[in-house]
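What you see below is based on every heavy atom in this structure, not just the backbone, and it leaves out hydrogens, waters and symmetry mates. A note on names: the letters A, B, ... follow the listed sequences, proteins ahead of strands, and every chain is numbered from 1.
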Amino acid sequence: MSTPRLRFAPSPTGYLHVGGARTALFNWLYARKTGGAFVLRIEDTDVERSSADMVTGILDGMRWLGLDWDEGPEAGGAHGPYFQSQRLARYRELAEQLVREGHAYYCYCGTDKERPDGPAFAGDARAAASGGGSAADREGGEGGTPRGESWTYDRRCSRLTPEEVAAREAAGAPRAIRFRVPEGETAFRDLVHGDITFDNAHIEDFVALRSDGHPTYHLSVVADDIDMAITHVVRGDDHISNTPKQVLLYRAFGKPLPAFAHVPLILGPDKRRLSKRHGATSVTEYRRQGYLPEAMMNFLALLGWSPGSDQELFTRDELVAAFSLEGISLSNAVFNPEKLEWFSAQHIARMPSPELVRRVEPLLEEAGLWPVRPGPESPVAGAPGPAIAWLARLVELLRPRAKRLTDFVEKGRPFLVEHIEYDAAAVQKYLSSPEARAHLAAVGEACASVEPFAAAALEPAIRALAGSRGVKAGALVHPTRVAVVGRAESPGLFEVLELLGRERVLARIGRALRLGA
RNA sequence: GUCCCCGUCGUCCAGGGGUUAGGACGUGGCCCUUUCAAGGCCAAAACACGGGUUCGAAUCCCGUCGGGGACGCCA
């Protein structure tokens with residue numbers, strides 16, 4: 001077989017959500033693994049609900065995740081255009097071809113609500129589900145004999161005489177094009193689920209071209225997948241029941257079927273399909289929350305796919321190397337934000353320092369914390385080397401307890417502002433007693449003279465001081481921590497002191513001493 | 001309702017005729033420790049149910065139940 005060609009075909013009626021992102025990821029992984037092409041196609045035939053902003057958002061989300069496409073918007077390609085709204089003539093041509101060849105017919109029924117005599121259906125699924133419509137009702141109607149037991153369009157327009165057609169055309173009745181579903185069964189092989197067979201009696205004569213000339217989903221995907229030479233259709237399980245219609249279309253066009261692979265859906269904690277009401281579902285939202293894109297990719301890849309081993313942490317390249325369609329699981333998966341956070345922490349822990357600094361810096365800038373303003377208490381003032389080197393030290397100090405990039409902003413704040421805020425509870429707990437304040441004052445004196453002002457010298461000095469004062473080191477450490485960062489938690493105190501520098505440490509201890517005086 | 005898909009710890013995955021049913025997240029405990037994390041160790045925690053087939057079933061078959069999805073001139 002020629003090289004694989006895969007595609008991700010979102011409709012720009014919303015942002016890129018995690019389900020779509022994972023579908024895109026599986027397609028991308030397979031394309032990259034096999035050296036095939038990854039095509040991005042925008043399915044914007046629903047003019048009402050599509051918007052250019054959504055396209056931009058989806059593209060941004062893809063880029064953030066690192067899912068680059070070989071053909072599509074902004075990339076071009078030999079099979080364009082890649083916006084369905086620019087391919088309308090092609091769909092019409094194909095729809096007319098179907099009619100010409102007897103695979104489809106004109107339908108003048110209009111939509112359900114447009115018809116004065118109600119649905120032209122042997123039954124109405126929604127009404128029946130809510131208690132309406134008996135079997136007797138269904139079978140009585142004019143021309144309405146149910147084919148099989150499903151409630152499908154009664155095909156009344158397929159039986160129109162030439163005179164009736166002429167009359168409707170003369171009256172200027174809007175017409176859609178409906179596909180004529182043949183008798184029999186439609187089967188296809190799914191790479192994930194195996195062979196799947198549908199009785200055609202359950203497939204209705206679906207609309208291929210709307211009366212406004214726009215194609216429906218079934219026509220446009222098949223037309224595009226044929227024209228774009230797509231070899232593998234990897235998409236959500238929710239498309240399984242659409243597939244027989246599309247298979248019928250491929251046959252009517254006389255084209256070979258692509259390989260289908262339907263991947264399980266991503267569910268919310270309530271086991272229902274993940275949606276807005278489950279909270280954050282857009283990829284952009286996770287980006288905003290500070291998750292690393294490589295963590296998101298890693299997490300998403302393992303939702304519904306397994307390498308067959310116990311390995312969980314993967315780099316992008318490792319995923320590409322390990323990926324295979326055989327590892328896709330059969331059952332739906334619940335999205336677990338806590339595990340995502342774990343992946344994020346793990347990827348932060350493994351990221352090379354310069355890269356991590358490069359990611360943190362813009363967030364600090366956005367928060368107005370970087371670059372630091374010049375001044376006597378500027379954190380980098382007394383520090384050796386360029387400011388970026390100082391930032392790298394800060395990032396390394398914070399790294400072990402960072403789960404997201406935003407943690408560097410929040411936990412880094414005391415190191416980047418001149419006047420820190422004091423947490424009331426921490427002050428109350430560690431700085432309110434006279435003993436604590438006396439200890440703190442003593443630490444201040446020690447800090448004024450210890451040489452060099454580095455963790456390696458500070459630690460023995462402060463421990464010795466604790467010994468001479470007859471207390472445990474903690475009795476000095478805790479008040480000092482609160483004094484210099486304003487909180488009860490921080491990285492190791494001695495490293496904190498060193499990074500802060502003598503000037504700022506002494507200033508903050510002095511201020512803390514005056515705090516409740 | 002009809003059709004389709006699915007069913008291993010709370011969650012994500014491994015296993016797939018004979019295993020003490022494995023790993024990870026989360027949870028609990030312990031260790032480390034100046035705090036908080038991180039890290040290390042330990043623990044609790046699952047084969048939906050019922051029939052077959054078989055010497056033997058979590059694994060194969062059937063049924064039941066449960067869950068999900070699709071039934072638009074949405075995609």
With sugar-phosphate meaning primed atoms plus P, OP1 and OP2, does [X] contact a base, only sugar-phosphate, or nothing at under 4.0 Å between heavy atoms?
{"X": "A/Ser331", "result": "sugar-phosphate"}
{"X": "A/Ala473", "result": "nothing"}
{"X": "A/Arg272", "result": "sugar-phosphate"}
{"X": "A/His262", "result": "nothing"}
{"X": "A/Gly492", "result": "base"}
{"X": "A/Asp199", "result": "nothing"}
{"X": "A/Leu340", "result": "nothing"}

Any-strand Watson-Crick or G-U partner of [N], both distances under 3.5 Å:
{"N": "B/C30", "result": "B/G40"}
{"N": "B/G1", "result": "B/C71"}
{"N": "B/A24", "result": "B/U11"}

What's the gap between [N] and [M] when it is taken at their [atom1] atoms, as a whole Å value?
{"N": "B/A24", "M": "B/A43", "atom1": "P", "value": "12 Å"}
{"N": "B/C6", "M": "B/C60", "atom1": "P", "value": "12 Å"}
{"N": "B/C65", "M": "B/A48", "atom1": "C1'", "value": "8 Å"}
{"N": "B/G63", "M": "B/U2", "atom1": "P", "value": "16 Å"}
{"N": "B/G72", "M": "B/U19", "atom1": "P", "value": "50 Å"}
{"N": "B/C55", "M": "B/G15", "atom1": "P", "value": "28 Å"}
{"N": "B/G10", "M": "B/G26", "atom1": "C1'", "value": "8 Å"}
{"N": "B/C49", "M": "B/U59", "atom1": "P", "value": "10 Å"}

Passing candidate, ring-ring contact (aromatic ring centres under 6.0 Å, His included) with A/Tyr286, options A/Phe335, A/Phe343, A/Phe299: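 Passing option: A/Phe335.
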
Could you check whether any side-chain N or O of A/Asp190 sits under 3.5 Å from a backbone N or O of A/Asp195, counting only pairs where one atom can act as donor and the other as acceptor?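 Not confirmed, A/Asp190 side chain does not pair with A/Asp195 backbone.
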
How many Å lie between [atom1] on [X] and [atom2] on [N], as a whole number?
{"X": "A/Phe335", "N": "B/A24", "atom1": "CZ", "atom2": "P", "answer": "21 Å"}
{"X": "A/Leu458", "N": "B/U34", "atom1": "CG", "atom2": "P", "answer": "16 Å"}
{"X": "A/Arg350", "N": "B/A38", "atom1": "CZ", "atom2": "C1'", "answer": "11 Å"}

Upstream residue (5' side of RNA chain B) when A/Thr216 and A/Tyr430 are each assigned their closest nucleotide: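 Per heavy-atom nearest nucleotide, the more 5' residue is A/Tyr430.
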
Assess whether one donor atom and one acceptor atom, taken from the side chain of [X] and the base of [N], lie less than 3.5 Å apart.
{"X": "A/Ser211", "N": "B/C73", "answer": "yes"}
{"X": "A/Lys403", "N": "B/A37", "answer": "no"}
{"X": "A/Asp237", "N": "B/A70", "answer": "no"}

Using OP1 and OP2 only, check whether a side-chain N or O of A/Arg399 sits under 4.0 Å from B/A38.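 So the side-chain polar atoms of A/Arg399 never come under 4.0 Å of the phosphate oxygens OP1 or OP2 of B/A38.
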
Tell me whether A/Arg178 forms a cation-pi arrangement with A/Tyr153, defined as NZ or CZ under 6.0 Å from the six-membered ring centre and within 45 degrees of its axis.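 That pair qualifies as a cation-pi contact.
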
From B/G69, B/C25, B/C36, pick the nucleotide closest to the side chain of A/Trp342?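 My answer, after comparing the listed nucleotides, is B/C25.
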
Considering only side-chain heavy atoms of A/Leu493, which listed nucleotide, B/C3, B/U34, B/C12, is closest?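 Looking only at heavy atoms from C-beta outward on A/Leu493, the closest nucleotide is B/U34.
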
So which of A/Arg168, A/Glu169, A/Arg156 actually passes side chain to side chain donor-acceptor pair (under 3.5 Å) with A/Tyr108?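 The residue from A/Arg168, A/Glu169, A/Arg156 that satisfies side chain to side chain donor-acceptor pair (under 3.5 Å) with A/Tyr108 turns out to be A/Glu169.
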
Parallel, tilted or perpendicular: which one describes the rings of A/Phe323 and A/Phe26, with boundaries at 30° and 60°?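 The arrangement is tilted - the two ring planes meet at 30° to 60°.
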
